[in-house]
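Written below as structure tokens is the structure these notes are about.
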Amino acid sequence: MPNEIISITDQRTNQTYNLPIETGTIRAMDLRQVKTGPEDFGLMTYDPAFMNTASCRSGITFIDGERGILEYRGYPIEVLAERCTFLEVAYLLLFGELPNQAELDNWVNEITHHTMVHETTKRFMEGFRHDAHPMALLVSTVAALATVYPEARDVHNPKNRLLQIKRLIGKMPSIAAMSYRHSLGYPYIYPDNDLSYTANFMNMLWRMVEPKYVANDVLARALDILFILHADHEQNCSTNTMRSVGSSHADPYLATAAAAAALSGPLHGGANEEVLRMLDAIGSTENVPAYIKQVKDGHGKLMGVGHRVYKNYDPRAKIIKWAADRVFEVTGRNPKIEIALELERIALEDEYFIKRKLYPNVDFYSGIIYEAMGFNPAMFTVLFAIPRTVGWLAQWQEMITDPEQKIARPRQVYTGQRTREFVPLQKRGLVAATKT
Ligand code: ACO
């Protein structure tokens, strides 16, 4: 019997219920016993957008939004960004521990040998319009991988799950690079197994006629750091989608495609693209005060600002600002950084943003770096999806192996009409929808 209990008295019946509190939560199902009579279904919680509902137990990522803390498996993000490679962090997220040298070498080797896509995958991609958004291309192609690996449906077999995890992590940069080259009409580039994960990605993006692509070390490392920062972020919209779709035991390619679709929205991963469009629209630092006034008057949002969980500076945005300076030493300073810094400066001093605890999030500066590296804004969310695939897969694996999890199926509060009399077609008046 837990020693923390909350007593709830139902004023309708004067009955008191003692509900156990465990790790700061009560179980929503414990409320079901709160009834006015035998016909009553029992009390439910109403929580649109999951503002205060824990949907799972997870040992992967810890966030303290009030203090601006982010940890993967207990390691602070700042330490991981400084000391690790992305694939080392991927191993940590998936298996719970940092790898030793032999484990890391083996892991890197395995991921590297899964970067190639089947030739039929190339052909699906060739079928898309030249001006298709790269995120739509990525989502569709990842879903189509389910046709290439039908055995992925066996989600209860740990060995099989691990194989699909390696394939997805290996192939994501290949598909992302193909979606970029498709939009330019360039031939696809095959992976180069001599290169690191990010250097190989750059090779598949940018190699032209040179026999061997040589990545700039500073840019490859900056991309690696950006990938570490984006690798997981506990129960965000896309991860919740991964878990929800995966809870029906759909195969991991389809669940990952669904998660990537959730990421594409401008309120989630799509915000990095919107930030660049916003900075373009602002044009110069003198226009920043007028833009902020417009936002405060209710016209639009400051994209890349605000977060459901962080009510303090997003720790990832701090590291990205640092990485931006390293990138600019190679590429030259992206002039949009001045507009972004001025936006941040004014927003952090403004009562509207202070009161609502709105701070720059991970997307605020990432697009500026990506643009300086030579990416166009439409690719930004694809760059987010590559590393987040690791987080989605780690969370999916945790969900599949959690004996408490079942198919995700929320309840609703029904607000529609009940048991109406049917009206034959000839006797129906004007329907509300056609009146507007
Ligand atoms: N600009 C201006 N006002 C904002 C912003 C913003 N970027 N974000 C929130 N607000 C305001 C809201 O209008 C609201 O004001 P009100 O209380 O007067 O109505 C208040 O702050 C609270 O905002 P909510 O929308 O209720 O907060 P929620 O937690 O639902 O939304 C979200 C979080 C979606 C991230 C929101 O801050 C937003 O839209 N930001 C811009 C888009 C963005 O950058 N998304 C990326 C998030 S990080 C990621 O997904 C990787």
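This is a predicted model, so every value here is computed, not measured. All heavy atoms count here, side chains included; hydrogens, waters and symmetry mates do not.
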Exercise. Pick one: which of Thr239, Asn236, Asp232, Asn240 meets side chain to side chain donor-acceptor pair (under 3.5 Å) with Gln395?
Worked result: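 The option that passes is Asp232.
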Is there a donor-acceptor contact under 3.5 Å from the side chain of [X] to the main chain of [Y]?
{"X": "Tyr213", "Y": "Trp206", "answer": "no"}
{"X": "His299", "Y": "Val295", "answer": "no"}
{"X": "His113", "Y": "Asn109", "answer": "yes"}
{"X": "Ser247", "Y": "Ala408", "answer": "yes"}

May I ask you to decide whether [X] forms a salt bridge with [Y], counting only side-chain N to carboxylate O separations under 4.0 Å?
{"X": "Lys122", "Y": "Glu126", "value": "no"}
{"X": "Glu344", "Y": "Lys321", "value": "yes"}
{"X": "Lys336", "Y": "Asp280", "value": "yes"}
{"X": "Glu404", "Y": "Arg57", "value": "yes"}
{"X": "Glu119", "Y": "Arg123", "value": "no"}
{"X": "Glu234", "Y": "Arg73", "value": "no"}

How long is the straight-line distance from [atom2] of [Y] back to [atom1] of [X], given to the nearest 0.5 Å?
{"X": "Asp64", "Y": "Lys311", "atom1": "CG", "atom2": "NZ", "value": "13.0 Å"}
{"X": "Lys296", "Y": "Asp350", "atom1": "NZ", "atom2": "CG", "value": "3.5 Å"}
{"X": "Arg32", "Y": "Met44", "atom1": "CZ", "atom2": "CE", "value": "7.5 Å"}

State, without any angle test, whether [X] and [Y] hold a side-chain donor-acceptor pair at a distance under 3.5 Å.
{"X": "Tyr188", "Y": "His182", "result": "yes"}
{"X": "Gln164", "Y": "Tyr253", "result": "yes"}
{"X": "His268", "Y": "Ser238", "result": "yes"}

For this session: For the pair Glu78 and Lys318, evaluate salt bridge (Lys or Arg N to Asp or Glu O under 4.0 Å) and give the outcome as yes or no after the intermediate values.
Result: CA-CA 9 Å; Glu78 294 80 3; Lys318 267 188 211 152; over 6 Å; no
Seminar exercise, completed: Heavy-atom nearest pair, Leu348 first then Leu358, reads CD2-O, 4.3 Å
For this session: For Phe364, enumerate each residue passing the ring-ring contact (aromatic ring centres under 6.0 Å, His included) test, keeping only those at least two apart in sequence or located in another chain.
Result: none
